[in-house]
Engineer: 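There's a structure below that I have some questions on.
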Amino acid sequence: MGTRDISIRIKEIETEIGQIKDIRFSVGRLAQETWDEPQGPTPFPSITALRDWDLTLLKRYKPFYLPFCDLCCLCTFGKCDLTGDKKGACGITMPAQQSRIVLLAACIGAATHTSHARELVTHLITEFGEDERLDPGGLNIKVEAPITRLVCGVKPETLGDLEQVLDYAEQQITSLLACTHTGQEGNPLDLESKVFHTGMIDHLSMEVADIAQVSAYHLPKADPDAPLIDIGFGTVDTTKPVILVIGHNVPPAVEIMDYMQENDLVGTIEVTGICCTGIDMTRYSQKAKIIGPISWQIRYVRSGIPDIIVVDEQCIRTDILDEARALQIPVIATSEKNCLGLPNRTGDRSDAIIDDLVSGRTDGAFILNPEMVGEIAVRTAMRMRPKHKKKKGSILSPDEAIEEAKRCTQCRECRRACPNDLHISDAMRAFGRNDPTMLAEIYDACVGCIKCEQACTQDIPIHSLIIIAAGEKLKNEAFRLRAGRGAIQDIEIRQVGGPIVLGEIPGIVAFVGCANYPGGGHELAEMAIEFANRRFIICTSGCAAMTIGMYRDEDGRSPYEIYPGNFEAGGMVNVGSCVSNAHISGAAVKIASIFARRNLRGNYEEIADYVYNRVGAVGVAWGAMSQKAASIAAGFWRLGIPVIVGPHGTKYRRMLLGRSDHDDDWYVNDARTGEQVYVGPVPEHLFIAVETKEEAMVMIAKLSMRPNDTSRGRALKLTHYIDLHRRLLGSMPTDIHRFVRLEADIPITMKEDIVAILKEKDWRETVIPDPTLIQKKEGSS
Amino acid sequence: MGTRDISIRIKEIETEIGQIKDIRFSVGRLAQETWDEPQGPTPFPSITALRDWDLTLLKRYKPFYLPFCDLCCLCTFGKCDLTGDKKGACGITMPAQQSRIVLLAACIGAATHTSHARELVTHLITEFGEDERLDPGGLNIKVEAPITRLVCGVKPETLGDLEQVLDYAEQQITSLLACTHTGQEGNPLDLESKVFHTGMIDHLSMEVADIAQVSAYHLPKADPDAPLIDIGFGTVDTTKPVILVIGHNVPPAVEIMDYMQENDLVGTIEVTGICCTGIDMTRYSQKAKIIGPISWQIRYVRSGIPDIIVVDEQCIRTDILDEARALQIPVIATSEKNCLGLPNRTGDRSDAIIDDLVSGRTDGAFILNPEMVGEIAVRTAMRMRPKHKKKKGSILSPDEAIEEAKRCTQCRECRRACPNDLHISDAMRAFGRNDPTMLAEIYDACVGCIKCEQACTQDIPIHSLIIIAAGEKLKNEAFRLRAGRGAIQDIEIRQVGGPIVLGEIPGIVAFVGCANYPGGGHELAEMAIEFANRRFIICTSGCAAMTIGMYRDEDGRSPYEIYPGNFEAGGMVNVGSCVSNAHISGAAVKIASIFARRNLRGNYEEIADYVYNRVGAVGVAWGAMSQKAASIAAGFWRLGIPVIVGPHGTKYRRMLLGRSDHDDDWYVNDARTGEQVYVGPVPEHLFIAVETKEEAMVMIAKLSMRPNDTSRGRALKLTHYIDLHRRLLGSMPTDIHRFVRLEADIPITMKEDIVAILKEKDWRETVIPDPTLIQKKEGSS
Amino acid sequence: MSQDAWLTAEVAGPKKASLITKPEIADAMIRRAKRPIFIVGSIAAEIDLEEKKLIDYIILMARRCSIQVVATANTNSEFLKRNFTPDAVMPAVDIGNRLTDPTWQGVDGKGPHDLAIFVGLPYQMAWTILSGLKNFAPNLKTISLDNVYQPNARWSFSNISVKNWIMNLEAILGNREA
Amino acid sequence: MSQDAWLTAEVAGPKKASLITKPEIADAMIRRAKRPIFIVGSIAAEIDLEEKKLIDYIILMARRCSIQVVATANTNSEFLKRNFTPDAVMPAVDIGNRLTDPTWQGVDGKGPHDLAIFVGLPYQMAWTILSGLKNFAPNLKTISLDNVYQPNARWSFSNISVKNWIMNLEAILGNREA
Ligand code: SF4
Ligand code: SF4
Ligand code: SF4
Ligand code: SF4
Ligand code: SF4
Ligand code: SF4
Ligand code: SF4
Ligand code: SF4
């Protein structure tokens, strides 16, 4: 792949050999030779090209396996019992099997983003041409695609240039997936290295997707002042026709808004969104509204508010058609990846389709042309509106709901199905006695999975009852979210690069991922606020970005209204949808490139080593649920950025934990002296699930420390760590001595306490090196 | 993808704009315009382009779901209990979940072949250049790549041309895999359609891999008289140094043989192989020997015979290093997909590596350069030979083995782990009393999975004991296998096309797939012989091809010695390794193209409809185990070719079964008259697991019937069906009336019996149509 | 008595067979069924139960209780050898599939079966087919009469000894006589 | 008493916890252990057991039997509120990880623990961590003292009522006194 080229297509050319039509010049490195950065060692790396780097990390952060099943059922030699030291019929061990499942999940995740990017880029090329310039940030951005430059060693300039990047990604994913075949890779650490590779590819494809859509659709271009937009149930004007879009791939939603624009309908129809399509369409038009993250699907559909539902791809409830049918809401499927069994109407006339949808002759339609979808969705919504009488109502009246609750036999099967072990049966009893408070409390921690309903032995529509009990809460869901701004500007990087690398901005905390929260979304907002107040840089994306927005302080302001959208200490930076996550890793990479002037091009290992040792970034995926979350996390790991997940995260089959008590693990090479220097367990873990938000906050503070921190930086970081530990966990941490390198590292306000501890622990001063994990090869100095 | 181009690379060019280096011209459809076949409707089909065809098949053959687990554990919303009509937290139902797992398996399978093909093609291009002509059959083959032509609508001429095909395959697999993400496709039939698409892609990639290697390495080119080669334990001269290669990707094995050739070592070293690399290297050199299929790995390694083991990719025991270590056999890993945790020594000097391997300083090495592997494997084997004293021995002496057996406590945990429920504990007791017969019998049905050992509460090395008990059998494993011939010649197709389509050759039976046999490999050989004698065309590949070869008639001849290698009635055609399976589907496709002169190019649906209605082909994957087997089967299904699997096949989560009692299901369109005609349940099932070889044989005969059979053909097929049913199941079948369309269909010898049955069943005569399932679109006639 | 699957790895899911702790349970189920059906696999003729084979017990039961019999694979031959003609011969997955169809009128065309009794199939094949029925034939009751625990049946023996098995089969037969 | 997991879908595998059918079992295990350790999760302070909280029982047990205590997450605060200082504060997966290391000398550095008693963690988190220990800490015994079945512990209660739970905890305490 290393030789894949930039190509120029010429529709027609006259040459001595005659006239040739449709010729494409694929010019070797020529185009790139206008880019004077020298090529690094690993452009378009193969699946083992960065294995040494991975193994270096994995030596510190050994997998702690948490098998989620004792068995393997992946082939018909099985099932195989892998408990203890038993091997499967293919010879695989339990550790390898766990890593294999992680790899499988990561492949699914990376494939999802890559296929998403491919579909998007292909669509945008059709619409705008392959020569459409990439422009993710106007004059503010020179390094337009840091991950692409880093991984592939190429510098994409047009939409068409992105195709080769996707070719590479698809090839790598195919090979990585092959590794999960029975009788392929069986070494746990090699499997982990492949997981890291998959994660790297995932970030590459996410970057491609987002810079393509930002450029072509003119979404906010690295704009810290992206507009504040509406989010929440309560922001919808239910007197208007309402369109609901769900998913991740924005073209159909864009076409809906374009159709409205062209037909002077803006303002007369509500366009509402759930999940990333919601986010991305508010980047396109600030008139669009977001309802909430993935877990809002059932509650919103059952509210009866949407007049039509348009789904594209990813994270869409697979029973959306059933739920919609119950309320006679037509559904349009728009992605080949999610056809819902609907008839393909792409070839039909819009009028006929609309008639069928409105009359209820058909539940929905599968339409592969986004422009058609735009027209049909809008026109159908307008015609459905009068038909949907009980617009504000739900399926049940409050009285009916209480009658339903009375049927509860207290069998507790609901609770035994609830992933958050919510006390549903108790709440049901109370509700049956006309006391909705407990059930309304459940609403706050409920992830909307309706597993309780599925399990109910009395077929009580439990989730509907929860919604009814929480009625007022829903109506009050009206907040403001800063539209996804896209990338971080080069100038911002230049400004914060120094303070970050020196540790004087205590860290970058990225709240990302899905909404499988253990105890309600407010926890996430509380964390974000805590760290914004502590002058960390807060980045948000996807469902996490929405959840943080769905929170109000005493003055009624959402976190995005309190904090600026700049990538600066105390900033609250919503980069955008899931694919915008690449801007977070991209920012870390850009610190190495723009601030530290390291070569990016095809130079993965050196840059990752830089980020790992110097950039105090921490990812928090509090409600991580999906395979995409797995691959996104893996992409951060390979860059040396630790990731914290909530308690459900233990189901990802393994943690990558450091052993703070193993002193030998925490030496780095001092690039200045060539010596090995003990730097303490910083960051202590690469992937860890914690139990409560309190523990998460302490962990964020702890994992923001880096070997390169100056004394001033370290003292600052220690202050946060100790302060949070004391406040949230109730005592001084007992491992302070591992983080103090010089007396100067000790926070002045805590000096006395800490010196006492250090004495007790036999602490000795060491030095602050110029840290690197890379062993210089012989010959180089 | 439809516009992907043939590309020509020029190293240097002088133009008016100056000198440009390394220019690649990607010329639009130009190259293909030398091919006068018109482009069909679906070149490079997207994942739903053939959905209508799939749904047509799936209407007849509805999935019968056999959940292999009640749960889903694919994301951290789970586990979810999907029993009954419960949905998962993402809304997925049990049927969709089963189809989803099938899709996941098929994606893994297709990714494996695609990645294999990519690695191979890339290597061959490096070695031979991208302009190396494809030549899979010399003058005997004009349709060089039937699947590629059919699916992609392109006509590859050089190695380089194959890259675009793989680009397409990788893109499709990425999108298909994405469909398995939480909250993507949730409709069971749409998931099944995607399974079919995956299968089609798999055959495409297999074709690419095999025509590339046949062309570049000059493997037998569609040669019915490919040499007979040695197979079996007993063929190895253990006085010589012995190399063992295991896997699927042949370049390292080729380099081993080239090194021997160049260094005059041929004949002094035994090169032995297991699995498809074994097959493919005997296609390269008839001096190479095959040990056996996948299940021979443990027994052969434990025999101590190999002096060095070289593994590439796929179907390799993941514990090979442990097994080898126990006998101090060094291992070389050669694929990025299977590194075994070994250090990458690709950059080191061969001498140093060999010293390390021979001295035992290292267990093995990971070497990515096939040429280096060739040298190192040979030289290491020669130096290891004297070190391996107990060459013929095994780990235990017979007496020691009996002592081990005596330790058995009869806890039966071994049997409870054995996939074939073999009576190990009883046999162990007998062996402890010095009676090896029962244990030796177990050898015949043992698939070598060593799950018994893993489970043994007394840590008895059960599998070693089985081998010891069966000692003589092993030594007698010396047979002859016809080397994989590759494709079927155009002329052969021309000769058998008519008889097949008319039903006068009763069918093509393809014995393919892995060695997870329920009752021993001999069953497979018996089936092959039965149908060869009945003048079916027998095709074999992969592990099945080997297994059939490991059988002797009274005269000591293997099936390949009894039957000719021609693609003709009574022929026994070993096409080659797993990737050669594409020649079997390719032969079916070529019947439509060469014999029936239907357009192939980008014309999938019409051709599949042709094959389905006219070509009485049946796939039998008696020991199907892997994800590759799943995708290979799916590729046959989409072409309308039914597949039979053994009882373990129910673990593939669902069958595709017809309902012979639903008359409405079995109408076809008569292309001549436009009328709907009842044709009976032919073929009755698309995917079925059967219980015993007897049932399998009856099913093969039954599933070979097609609507297009002439009366003569049908009578012949009925004769086989009835005859086998009577002989093997003990009675006349009761469904004969469904297969007799005209009186003339009745086999003369059975006329009286059958007429009686028909009368009883109220049978009425119908017509033989020109059958098609495709509804002509309006406008066409 | 435990609900551990016979093949260790084929563990039961959340919905698993109740144990036939005494023969009366099986007997009552058969007695209560209106249209029971036996699905008899090829191993039934291989298993020795002292002087009889398993298949002989099945023939006795089928005769005494008028249970329709489907012979899968070559079990048919074994039945015929014993002068017993099964009501149908078809692959195990085929009968399994039909049993999930509530409109299917049974092997004799007289109406849907309400009880399917599995015996003599390879363990994992029975496991998977019973899983299909557990999930997709909600109105069908299923029993496994093999001497191993079949978690996906509605009712199954635990992993019991051959002696115990014979006792149970005899009792079921005896109960019908009494 | 059943070995059904508390969360229905988190079914037990082939290797699953034995049931603590009576308090003596737990008591004996604790008594026999040389270096037991408590891993106490954040829910321990939330659960009401009549007049006490679960954490209060743990403190009593830890004191009477000299069991080292690891407090995960913010459980530490709750202990301190009750004037009990845990021996260590660390994330549940961190202590889990260390327990799989046979060379780890325990929270006090005096040698490997031989018994880990889990209580008060979120159910699925305990499930997965105990799975890690079941598979990768062969020499460590584990008990779950929650009132729900934890299939991956070596020993666990079945899904028992709060009343029954209190009785058991009291008995364990009582036995030590006796
Ligand atoms: S791995 Fe998942 S699907 Fe497989 S047996 Fe375990 S819980 Fe079931
Ligand atoms: S992949 Fe390996 S462990 Fe899994 S079922 Fe197959 S043989 Fe068993
Ligand atoms: S919908 Fe809410 S209450 Fe019901 S199971 Fe899911 S999280 Fe629990
Ligand atoms: S499952 Fe239904 S009936 Fe049972 S406790 Fe819950 S709400 Fe009540
Ligand atoms: S993918 Fe769906 S069914 Fe599977 S665990 Fe996740 S939410 Fe549950
Ligand atoms: S190695 Fe053979 S005897 Fe042992 S479990 Fe596997 S198939 Fe059964
Ligand atoms: S598992 Fe081992 S001890 Fe138990 S019966 Fe089998 S051979 Fe004997
Ligand atoms: S036939 Fe199956 S087991 Fe054999 S080599 Fe091919 S995939 Fe592997």
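Quick note on labels: first sequence line is chain A, next is B, and so on, each numbered from 1.
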Engineer: Name the option with the most non-hydrogen atom pairs under 4.5 Å to chain D; the candidates are E694(A), E691(A), E695(A), M94(A).
Structural biologist: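 Ranked by contacts with chain D, first place is E691(A).
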Engineer: What part of L121(D) gets closer than 4.5 Å to chain A, counting heavy atoms only: side chain, backbone, both or neither?
Structural biologist: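 Contact with chain A is through both the backbone and side chain of L121(D).
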Engineer: What residue, out of M655(A), R659(A), M699(A), has the most heavy-atom pairs lying under 4.5 Å from chain D?
Structural biologist: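 Of M655(A), R659(A), M699(A), R659(A) has the most heavy-atom pairs under 4.5 Å with chain D.
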Engineer: Can a salt bridge be assigned to the pair E526(A) and K693(A) using a cut-off of 4.0 Å between side-chain N and carboxylate O?
Structural biologist: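 Answer for the salt bridge query: yes.
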Engineer: With only heavy atoms counted, which part of V93(D) is less than 4.5 Å from chain A, the side chain, the backbone, both or neither?
Structural biologist: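 For V93(D), backbone and side chain are both near chain A.
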Engineer: Considering only NZ, NE, NH1 and NH2 on the basic side and carboxylate oxygens on the acidic side, decide whether D114(D) and K141(D) come within less than 4.0 Å.
Structural biologist: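 Salt bridge flag = no for K141(D) with D114(D).
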Engineer: Side chain from CB out, backbone as N, CA, C, O: work out which of these in L728(A) comes under 4.5 Å of a heavy atom of chain D, or both, or neither.
Structural biologist: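 Just the backbone, heavy atoms under 4.5 Å.
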Engineer: Do N74(D) and T692(A) pair up side chain to side chain, a donor and an acceptor below 3.5 Å, judged on atom types alone?
Structural biologist: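 Side-chain D/A pair, N74(D) to T692(A): present.
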Engineer: Check each atom of E10(D) against the heavy atoms of chain A and say whether the ones under 4.5 Å are side chain, backbone, both or neither.
Structural biologist: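 When you check distances to chain A, only side chain atoms of E10(D) fall under 4.5 Å.
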Engineer: Would you call K22(D) and D27(D) a salt bridge, using N to O less than 4.0 angstrom?
Structural biologist: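 Not counted as a salt bridge, because no side-chain N and carboxylate O are separated by less than 4.0 Å.
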Engineer: Salt bridge or not for R98(D) and D101(D), using N-O below 4.0 Å?
Structural biologist: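 Between D101(D) and R98(D) there is no salt bridge, as every charged N stays at least 4.0 Å from the carboxylate O atoms.
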Engineer: I'd like to know if D70(A) pairs up with K16(D) as an ion pair, taking the criterion as any Lys NZ or Arg NE/NH1/NH2 lying under 4.0 Å from an Asp or Glu carboxylate oxygen.
Structural biologist: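 Not counted as a salt bridge, because no side-chain N and carboxylate O are separated by less than 4.0 Å.
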Engineer: Is there a donor in the side chain of W6(D) and an acceptor in the side chain of D421(A), or the other way round, less than 3.5 Å apart?
Structural biologist: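 Result is yes, a qualifying pair exists.
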Engineer: Below 4.5 Å, heavy-atom pairs only: which of G658(A), P733(A), A696(A), P95(A) has the largest tally toward chain D?
Structural biologist: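 Top option by heavy-atom pairs under 4.5 Å: P95(A).
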Engineer: Side chain, backbone, both or neither: which part of L80(D) has an atom under 4.5 Å from a heavy atom of chain A?
Structural biologist: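 For L80(D), the contact with chain A is made by the side chain alone.
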Engineer: Strictly distance-based, threshold 3.5 Å: is any side-chain N or O of S158(D) a donor or acceptor partner for the main-chain N or O of S2(D)?
Structural biologist: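 Confirmed, S158(D) side chain pairs with S2(D) backbone.
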Engineer: What part of P14(D) lies closer than 4.5 angstrom to a heavy atom of chain A: side chain, backbone, both or neither?
Structural biologist: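 Looking at P14(D), backbone and side chain both touch chain A.
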Engineer: Select, from D94(D), V11(D), N159(D), T85(D), the one with the greatest count of heavy-atom pairs under 4.5 Å involving chain A.
Structural biologist: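 Option with the top pair count is D94(D).
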Engineer: Heavy-atom pairs under 4.5 Å with chain D - which of D661(A), L82(A), I688(A) has more of them than the others?
Structural biologist: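 Most heavy-atom pairs within the cutoff with chain D belong to D661(A).
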Engineer: Between K59(A) and D665(A) (salt bridge meaning N to carboxylate O under 4.0 Å), is one present in this structure?
Structural biologist: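 Here K59(A) does not pair with D665(A) in a salt bridge, since their nearest N and O are not under 4.0 Å apart.
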Engineer: Taking atom types as modelled, is there a side-chain donor on T100(D) or Y65(A) under 3.5 Å from an acceptor on the other?
Structural biologist: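 No, because no side-chain N or O of T100(D) sits under 3.5 Å from a partner of the opposite role on Y65(A).
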Engineer: Using atom types as modelled and distance alone, determine if a side-chain donor or acceptor of S144(D) lies under 3.5 Å from a backbone N or O of A153(D).
Structural biologist: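 No, the answer is negative, given that no donor and acceptor are paired below the 3.5 Å cut-off.
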Engineer: Between T734(A) and chain D, which part of the residue has a heavy atom less than 4.5 Å away: side chain, backbone, both or neither?
Structural biologist: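 For T734(A), neither part sits under 4.5 Å from chain D.
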Engineer: May I ask you to name which of A73(D), S42(D), G41(D), G132(D) has the most heavy-atom pairs under 4.5 Å with chain A?
Structural biologist: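 Ranked by contacts with chain A, first place is A73(D).
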Engineer: In terms of heavy-atom pairs under 4.5 Å with chain A, which of L133(D), N152(D), I43(D), N97(D) leads?
Structural biologist: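 Option with the greatest count: N97(D).
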Engineer: Side chain from CB out, backbone as N, CA, C, O: work out which of these in A5(D) comes under 4.5 Å of a heavy atom of chain A, or both, or neither.
Structural biologist: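 The backbone, not the side chain.
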Engineer: Below 4.5 Å from any heavy atom of chain D, which atoms of R654(A) appear? Answer side chain, backbone, both or neither.
Structural biologist: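 No part of R654(A) comes within 4.5 Å of chain D.
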Engineer: In terms of heavy-atom pairs under 4.5 Å with chain A, which of G13(D), A9(D), S131(D) leads?
Structural biologist: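 With the most close heavy-atom pairs to chain A, the winner is S131(D).
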Engineer: Which bit of E684(A) comes within less than 4.5 Å of chain D, counting heavy atoms only: side chain, backbone, both or neither?
Structural biologist: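 Just the side chain, heavy atoms under 4.5 Å.
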